[in-house]
Amino acid sequence: MTERTAGTVGFGHGLTNYGDRDFSLYLRRSFAQSMGYSRAMLGKPVVGIAYTGSGFNNCHRHFPELLEAVKRGVLSAGALPVEFPTISLGEVFLSPTSLKYRNLMSIDTEEMIRAQPMDAVVLMGGCDKTVPAQLMGAISAERPAIMLVAGPMMTGRHRGERLGACTDCRRFWARYRAGEVDLDEISEVEGRLAVTAGTCAVMGTASTMACLAEALGMILPGTAAIPAVHADRLRAAEATGAAAARLIGSARTPNTIVNARSVENALRVLLALGGSTNAVIHLTAIAARAGVKVSLDQLNELSDATPVLVNLKPVGNGYMEDFFAAGGMGALLRELKPLLHLDCTTVTGETLGERLSSAADSYVDRSIIAAREQPLEPQGGLVALFGNLAPKGAILKRSAADAKLFEHQGKAVVFSSLADLAARIDDPALEVAPEDILVLQMSGTAFGTIVLHVTPDAASGGPLGLVRTGDRIRLSVKARRIELLVEEAELKARAAAAKPNLAKPARGYAKLYAQEILGADEGCDFAFLRPQ
Ligand code: FES
């Protein structure tokens, strides 16, 4: 890459407005020189690095080392690497939930990419909401960008058993509550669930989003599943830095890489992974920033024609380190090849088809990544449901559910909030039978046969808030229905009697959030962030 001195690239890009362009450039160079850069370095194009290391984000603990590797790659390709901080979202350190702050992080990412003088950007993310936030922001910023994900944690060991966050967190906690594990053992387990840097070790939201970022073409091929502490992760970081420098001046911006066809590829991958239901919301939001609509009807059509191929927890047996060793995303994409749009261009400039035509890395461990002819399940891991309980849809993780409950009718036992659930669920006086249906009217997480992302939600006045203990609910996966078996007139009376939620936030981000948040069917983005 040749050195450039014109005022339109590198530090000369997007000048501060002092009314005199030459003065603005002179002043910026002067201040940049205070950071010790030579004039030769200041003449180079700049690769910004959106850096999300944080003391409140254990999943990004290794980012200082990764950052050095990214910078090495940028420099080797002839550009100047400049990192800048953005909001970081560490899943378990945020109250009330990390999703509330995803859009705030996307705004921060978008505006800092746009406002600062960079010719391309590396997005360093990983923990659950950081990957969608960065992709959403970068798509809207329309500047050349490439993502580097944190990579998953390695598993720990407890009394001969492999443990990984966070499927095993819930499993052990349930055993502790049931009295099968004592206080000493649960304390031991606490120190063995999350034992290295990196994102949760199972196919949870973070790993699903990393794989979808690769399916979309926004990260380097084969890098989604490399463990956080593996030396290959550092090599991927170096290669990502070099690839970012090569993107400078390119028209391959994220808003072109993410399009209807690459989004469909990502949906196929999500279904074949048996991935997180949250990923449907995030992918919907990411796609919408590029003007692409993801509908739940489309999800169902693809789900009917996409097999589940990946055998990882929380649905199956393995952990992310096994997926990497089994062949990772390359192996999965090769299995799905006949179902994918191979003409999609990735961030490297190569098409997906060109990538998959290479014979390299052809090893596959069939205990982790099944052949398409012998799938784990013939249909996709997720299915969308509709009905009077979810007029705009809801999602069932079919691959994690008990098939005996796919056609089921039961009595509702309603909990109004997580606090209500915690207060009553272990009460021996709670009237509940195995065939009953537990209803939580505020969001939470769970596993097993569970219908999630019911839209509109109770807080938005959706029918979920009108369910009462004793009502009958009917679930039919075959008919894609979830119905509340209560007369329409009775529901209208309940709605009329419902007290409006008067506690609207008066100020700050909470107020903006309450005013602008869209439903799960629109990715929970803010209305004003969608392309106009
Ligand atoms: Fe960061 Fe799970 S807590 S990915």
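Just follow the structure's listing: the first ligand is 1, and inside any ligand the first atom is 1.
- Screening residues 128-175 for disulfide bond (SG atoms under 2.5 Å apart), with sequence neighbours left out, gives Cys166-Cys169.
- We find the CZ-CD distance between Arg530 and Glu516 to be 11.5 Å, quoted to the nearest 0.5 Å.
- Applying the side chain to side chain contact (heavy atoms under 4.5 Å, CB included) rule to Phe93 yields the partners Phe56, Asn58; only residues at least two apart in sequence or on another chain are considered.
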Side chain to side chain contact (heavy atoms under 4.5 Å, CB included) assessment of Lys293 paired with Gln298: CA-CA 10 Å; Lys293 169 90 182 148; Gln298 180 191 17; over 6 Å; no
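- For atom 1 (Fe) of ligand 1, the nearby protein N/O/S atoms, meaning those under 2.8 Å, are Cys59 SG, Cys127 SG.
- Remark: Ile450 CD1 to Lys397 NZ distance equals 11.0 Å, nearest 0.5 Å.
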Only pairs under 3.5 Å count here: list side-chain donor-acceptor contacts from residues 364-371, not counting sequence neighbours, and write none if there are none.
| from | atom 1 | to | atom 2 | distance (Å) |
| --- | --- | --- | --- | --- |
| Asp365 | OD1 | Ser367 | N | 2.9 |
| Asp365 | OD1 | Ser367 | OG | 2.8 |
| Asp365 | OD2 | Ser367 | OG | 3.4 |
| Arg366 | NH1 | Glu335 | OE2 | 3.0 |
| Arg366 | NH1 | Ile369 | O | 3.2 |
| Arg366 | NH2 | Glu335 | OE2 | 2.8 |

